[in-house]
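What follows is a set of notes on a single structure, which appears directly below.
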Amino acid sequence: MKAFRAKQITQKQVFGDFQKQYALLRDYGLELMRSNVGTTFKLDVYSEPNPSSQSRIFRRVYVCLGALKLGFKAGMRDFLGFDGAFLKGPFPGQVLSAVGLDSNNGIYPLAYSIVEAETKSSWSWFLECLANDLDLNASSNFTFISDRQKGIIPAINQMFPNAEHRYCLRHIHENMRLHWRDTKYKDFLWDIATTTTIPHFENAMELFKKYDVTTHDWLKKIPAAHWRRAKTDSLTNNLCEVFNSKIIHARDKLVITCLEYIREYLMKMIVVVQKSIDKSKGPLTPTTTTILERIKKEATQNMCIFNGVDKTQMTTPRKDQYVVNLKEKTCTCMYWELTGIVCSHDVSAIWDKIKYGGKKVPNIEAWVHPVYWLQTWVGMYSHKIDPINGKSMWRKSACPFILMPPKHHIQVGRPKKKRKRVVGEVVTTGKNLSRKYITITCSKCGNKGHNQRSCKGQGGEGERMNDGGNEV
C-alpha cells in the first residue's frame, strides 16, 4: 500500500490533480473551439436539486473536431462503427467513439466522448450529438456497426429507425464459442456471413443445419439482416478495436489529459497518412489498386456472352453463372453494389465490350466508385487539426458554476486495469505469444495435456497400441 500511495503522489505531481482538471474543462473547450474552427464541444452535468448551488457535477463530454467533420463528409462514405472502452483512473467511466473508413480502407475517427457508463441514455446522448454534427435525421440511411451491447441497440433503433445496424461478426463468434468451440463452427459462420446473395446465404444455412441443428437454430435467432454480407461488405468492427488500441494509454489519465492524448494522436495520424498520400500515384488509392489487380487476374478465367446491348452472361471456372449490366453498373453476384469496386465478372464484361469495338468504354479504374479515388482520399486529409495553447493561455469561461468530478462509487476489491478477455483468446506477452489457454498434444502417445518430453504413457483413450496390440 505504501508503494501504491507513493505512485499516486508521483502521478499527481507529474500529471496534475484528477479533481482539479474537471474545473478546467469549460476553459479547455473554449480553447479547442477557438483554435479548431467548426469543432463541437458539449458538456452534460447532473441535475442539481438545489438551484442556489454554485457547483455542478460532471456527467459527460463530447468532442467532434472541425477538421474530422469536414474530412468525413468529403470521404462520401456513409458508414460508422461504434464502440466503448473503459477508463482506468479513479473515476470510472467509458470512452465512446465513432470511427469511419477512409478511401484507403484505413480508420478515420470522427467523434469521441467520455460518459458515465455504456447505457441507452449515454449512447442516445452521444448519437444525438453526432446527428447534429452530420445533419442526420430519423430517415437517414447510414450504416452502423457495433457489438451487441444492450445500451446501443435500442439507442440506434430509436434515433435512426431507417439505418442499417450491423452486429460485429467476431462478437457473434465469441458468443458461439461459449457453447461450441470447434473450429468447424467458425468456418461455417464465416462461410455463411460472406455470401453476397440471398440464395447463396440460404444454401449455406441449409448446409450448416445438416451439420448441427442446435447451433443452426441458435444462429437463426439473430436476425440475418444484422450480420450477413448480402447488404454491407463490412463484417467486423475492427476499425473501432484499432482506435481503442491506439488510445489505451490515455484511459488512465486525467480527463483533460485523456482528451488531449486523443486529439494529439488524431493530429499525428493525419500527418502520417498525408505522407502516404504524397507518395501515391494513379487514379485509385494504394489498397484499392492492389485489390483491383487481384480481380483483374481472376477475370482472365471467365467466359463471356454479350447480348449486343448492355448485358453480358458470365461463366466462371467453377461453372457459376452471373449477369452483368454495365449500363446500370450491377452484377447479380452483388459484389459491385456492396463494395463499389468492380468484380471479376464486371472486368471481363468491360474487356469484352472493348473487344467488340467499344472505343468509348472507360478504363477499368473509371468504373470504381469515387469513394476509392485518390483525389477523394486527398480531399479527406486536406483538413488538418490545429494545435492548441497551454492552459496558462486559455480564456476563462463565463459560466458561474464550478464543475465538480463525477459521482464515484468505490468498487469492491482492487481496481482492474486490464479488460476481461474472451474464452480462448490468444494473449501476447511482449514479442512472444502466450501459451495460456492452448492445449498441447503429445506427438508420442497422441494424448492431450503433455508433450513428448514429459510423456509417461498417461492419458487413457488416446494412447497408441504397441507391441502386438498391447497397451503401453
Side-chain angles (χ1 to χ4, degrees), residues 68 71-73 75-85 96-111 123 127 130 134 136 140-149 152-153 155-157 160 162-176 186-187 189-198 200-201 204 219 222-246 273 284-288 290-292 294-295 331 333-343 368-373 376-377 380:
L68 299 179
F72 180 79
K73 292 179 179 179
M76 302 182 295
R77 211 162 185 178
D78 298 342
F79 178 80
L80 280 173
F82 297 128
D83 198 14
L96 306 184
S97 58
V99 184
L101 288 171
D102 65 12
S103 302
N104 199 43
N105 281 344
I107 67 168
Y108 195 86
L110 175 61
W123 273 115
L127 294 175
L130 189 66
L134 299 181
L136 303 180
S140 297
N141 57 354
F142 255 60
T143 300
F144 304 122
I145 189 169
S146 70
D147 57 17
R148 292 194 291 166
Q149 201 273 336
I152 192 171
I153 294 176
I156 291 180
N157 290 339
F160 308 108
N162 293 333
E164 180 185 348
H165 184 197
R166 298 191 56 80
Y167 302 150
C168 177
L169 192 65
R170 186 173 64 84
H171 288 89
I172 294 177
H173 176 243
E174 288 173 2
N175 293 333
M176 179 183 285
K186 179 182 179 181
D187 296 337
L189 178 64
W190 281 91
D191 288 343
I192 295 168
T194 52
T195 55
T196 56
T197 65
I198 293 178
H200 288 149
F201 172 80
L219 183 61
I222 306 173
H226 292 300
W227 58 275
R228 64 181 172 88
R229 193 187 185 191
K231 283 198 172 185
T232 305
D233 185 46
S234 298
L235 297 176
T236 65
N237 198 19
N238 286 343
L239 62 169
C240 286
E241 299 290 348
V242 171
F243 178 70
N244 287 339
S245 68
K246 297 298 183 182
V273 176
L284 304 178
T285 62
T287 299
T288 310
T290 302
I291 295 173
L292 192 59
R294 174 180 55 80
I295 290 174
C331 177
C333 78
M334 296 295 293
Y335 183 85
W336 200 355
E337 293 93 314
L338 287 171
T339 64
I341 302 174
V342 289
C343 63
V368 177
H369 195 279
V371 162
Y372 300 102
W373 292 358
T376 305
W377 198 29
M380 290 188 72

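When the shell of 6.0 Å around NZ of K73 is examined, it contains more than 12 heavy atoms from other residues, nucleotides or ligands.
Listed for the W227 side chain is no donor-acceptor partner under 3.5 Å among the backbone atoms of I172. Side chain of T290 to backbone of P286: a donor-acceptor contact under 3.5 angstrom is found.
In this structure, CD in E241 is found 6.0 Å from CG in N244, a value given to the nearest 0.5 Å. Atom CZ of residue F72 and atom CZ of residue R77 lie 10.0 Å apart, to the nearest 0.5 angstrom. Atom OG1 of T288 sits about 12.0 Å away from atom NE2 of H369, to the nearest 0.5 Å. Atom CZ of residue F243 and atom CG of residue N238 lie 15.0 Å apart, to the nearest 0.5 angstrom. The distance from the CE atom of M334 to the NE2 atom of H200 is 12.0 Å, given to the nearest 0.5 Å. In this structure, the separation between CG on L219 and CE on M176 is 5.0 Å, given to the nearest 0.5 Å.
Side-chain contact between L292 and Y372: absent, with no pair of heavy atoms (C-beta onward) separated by less than 4.5 Å. Between N175 and R148 the shortest side-chain heavy-atom distance falls below 4.5 Å. At a threshold of 4.5 Å between non-hydrogen side-chain atoms, the residues L68 and Y108 count as touching. Taking 4.5 Å as the limit, every side-chain heavy atom of F160 sits out of range of all side-chain heavy atoms of F142. Using a 4.5 Å heavy-atom cutoff, the side chains of I291 and T339 are not in contact. Contact check for E337 versus T196: no side-chain heavy atoms found under the 4.5 Å cut-off.
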Would you sort out whether E164 and F79 count as a side-chain contact (heavy atoms from CB on, under 4.5 Å), showing the intermediate values? CA-CA 10 Å; E164 180 185 348; F79 178 80; over 6 Å; no

With side-chain contact (heavy atoms from CB on, under 4.5 Å) as the criterion, how do L80 and L130 come out once you've worked through the C-alpha distance, each side chain's angles and the decisive distance to 0.1 Å? CA-CA 11 Å; L80 280 173; L130 189 66; 3.9 Å; yes

For L235 and R166, what are the C-alpha separation, side-chain angles and deciding distance, and is it a side-chain contact (heavy atoms from CB on, under 4.5 Å)? CA-CA 8 Å; L235 297 176; R166 298 191 56 80; 3.5 Å; yes

CA sep, side-chain torsions, deciding dist, call: R228, I192, side-chain contact (heavy atoms from CB on, under 4.5 Å): CA-CA 7 Å; R228 64 181 172 88; I192 295 168; 5.9 Å; no

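Each of V371, L284, N104, T287 was scored for a side chain to side chain contact (heavy atoms under 4.5 Å, CB included) with W377, with one residue passing: N104. When F82, W123, Y167 are each tested for a ring pair (Phe, Tyr, Trp, His ring centres under 6.0 Å) with F144, only one passes: F82.
Across all their heavy atoms, C343 and C333 have their closest contact at SG-SG, 3.7 Å. What you find for S103 and T376 is that their closest heavy atoms are OG-CG2, 3.5 Å. When all heavy atoms of I152 and D147 are compared, the closest pair comes out as CG2-O, 4.0 Å. Contact detail for V342 and I295: the closest heavy-atom pair is O-CD1, 3.2 Å. Considering every non-hydrogen atom in both I107 and D102, the closest pair reads O-OD2, 4.4 Å. L101 approaches S234 most closely through the heavy-atom pair CD1-OG, 4.3 Å.
A perpendicular orientation is assigned to the rings of H226 and H165, their planes being inclined by more than 60° (bins at 30° and 60°).
At a cut-off of 3.5 Å, with distance as the only test, no side-chain donor of N237 or D83 sits close to an acceptor on the other residue.
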